[in-house]
Amino acid sequence: MADQGYIMEVCVDSVESAINAERGGAGRIELCASLLEGGITPSVGLLQVVKQYLQIPIFVMIRPRGGDFLYSDREVEVMKADIRLAKIHGADGLVFGALTEDGRIDAELCMELLAVSRPLPVTFHRAFDMVYDPLLAMETLISLGFERVLTSGCDTSALEGLPLIKRLVEQAKGRIIVMPGGGITERNLQRILEGAAVQEFHCSARSTKDSTMKYRNNSVCMGATLSTSEYSTKVTDVAKVRTLNAMAKNFL
């Protein structure tokens, strides 16, 4: 894999972002809804339409809600149904994670979800950054058969978590792909690639886009008070993707 250089995965939550990611040179997308919440399961409609426009692999997020990664039996039913639907509608891979209440990998549940997912490759997402013992957790993921793990090194961003990412890569010895993600931008990508021997990285490469609405009611908000303006969206930026891609290529 090293001969083809780095694989950049871009997380997207719209058709426009997906198209921009591919145009900019992304090697794969992680398809979500609501990146504001860190990404939840996208609709089948979004997957179907993105599938029509993209050639690169589409990995689908399976996360029934925002918040923690401790799931009820009914949430698990939803996750399994979503996995089946994603497979039927052409997902190239899946992304999920589940923890026990004491911050370990929920191996039993992951095994069930992996069984439904196969033969597709599966990434364990940043639930990994919430574990009690990351090095032990990675061994669990390897024994379960996850193809990769997305992590910020259990810190606020991949740059802060770089020392742990480096340790994880060293311990993995190629048994699982360690993919750094979390706050990766053109300002820090170089340092991350220098600091850990990774083959893939994950970013959103977004910029803010103003709404085209002319009439605006600014006193109404659709979500909680914490939410951003109804009149701006974040969209993957072709130029940012190109820049990150070029940086990774030049780093070789």
Subject >> Qualifying side-chain hydrogen bond (donor to acceptor under 3.5 Å, both in side chains) pairs, either residue in residues 182-191, two or more places apart >> reply: Q190-E194
Any idea which heavy atoms bring [X] and [Y] closest together, and the distance?
X: L46; Y: C32; result: CD2-O, 3.6 Å
X: I184; Y: A158; result: CG1-CB, 4.0 Å
X: A91; Y: V60; result: CB-CG2, 3.6 Å

For [X] and [Y], indicate whether the former's side chain and the latter's backbone hold a donor-acceptor pair under 3.5 Å.
X: Y231; Y: N217; answer: yes
X: K51; Y: G90; answer: yes
X: D237; Y: A205; answer: no
X: R63; Y: G67; answer: yes
X: E22; Y: Q55; answer: yes
X: D129; Y: C154; answer: yes
X: S117; Y: L120; answer: no
X: E230; Y: M222; answer: yes
X: K87; Y: R118; answer: yes
X: D106; Y: A98; answer: no

Rounded to the nearest 0.5 Å, what separates atom [atom1] in [X] from atom [atom2] in [Y]?
X: C203; Y: M179; atom1: SG; atom2: CE; value: 10.0 Å
X: I29; Y: I19; atom1: CD1; atom2: CD1; value: 10.0 Å
X: L150; Y: E30; atom1: CG; atom2: CD; value: 6.5 Å
X: E200; Y: T123; atom1: CD; atom2: OG1; value: 8.0 Å
X: R126; Y: S152; atom1: CZ; atom2: OG; value: 3.5 Å

Determine all donor-acceptor pairs shorter than 3.5 Å in which one atom belongs to a side chain in residues 76-85; sequence neighbours excluded.
| residue | atom | partner | partner atom | Å |
| --- | --- | --- | --- | --- |
| K80 | NZ | E112 | OE1 | 2.6 |

Original post:
Charged N to carboxylate O under 4.0 angstrom, R65 versus D68?
Top reply: yes
Original post:
Taking NZ, NE, NH1 and NH2 as the nitrogens, is one of them in R104 or E139 under 4.0 Å from a carboxylate oxygen of the other?
Top reply: no
**OP:** Over 60° means perpendicular and under 30° means parallel, so classify the ring planes of F251 and Y6, tilted if in between.
**Re:** tilted
Subject >> Geometric class of the F146/F124 ring pair [parallel <30°, tilted 30-60°, perpendicular >60°] >> reply: perpendicular
**OP:** Given side-chain contact (heavy atoms from CB on, under 4.5 Å), test S211 with R216 step by step and report yes or no.
**Re:** CA-CA 10 Å; S211 163; R216 301 186 176 199; 3.9 Å; yes
**OP:** May I have the step-by-step check of side-chain contact (heavy atoms from CB on, under 4.5 Å) for F96 and L114, ending in yes or no?
**Re:** CA-CA 9 Å; F96 55 73; L114 284 164; 4.1 Å; yes
Subject >> Any I177 side-chain heavy atom under 4.5 Å of V149 side chain >> reply: no
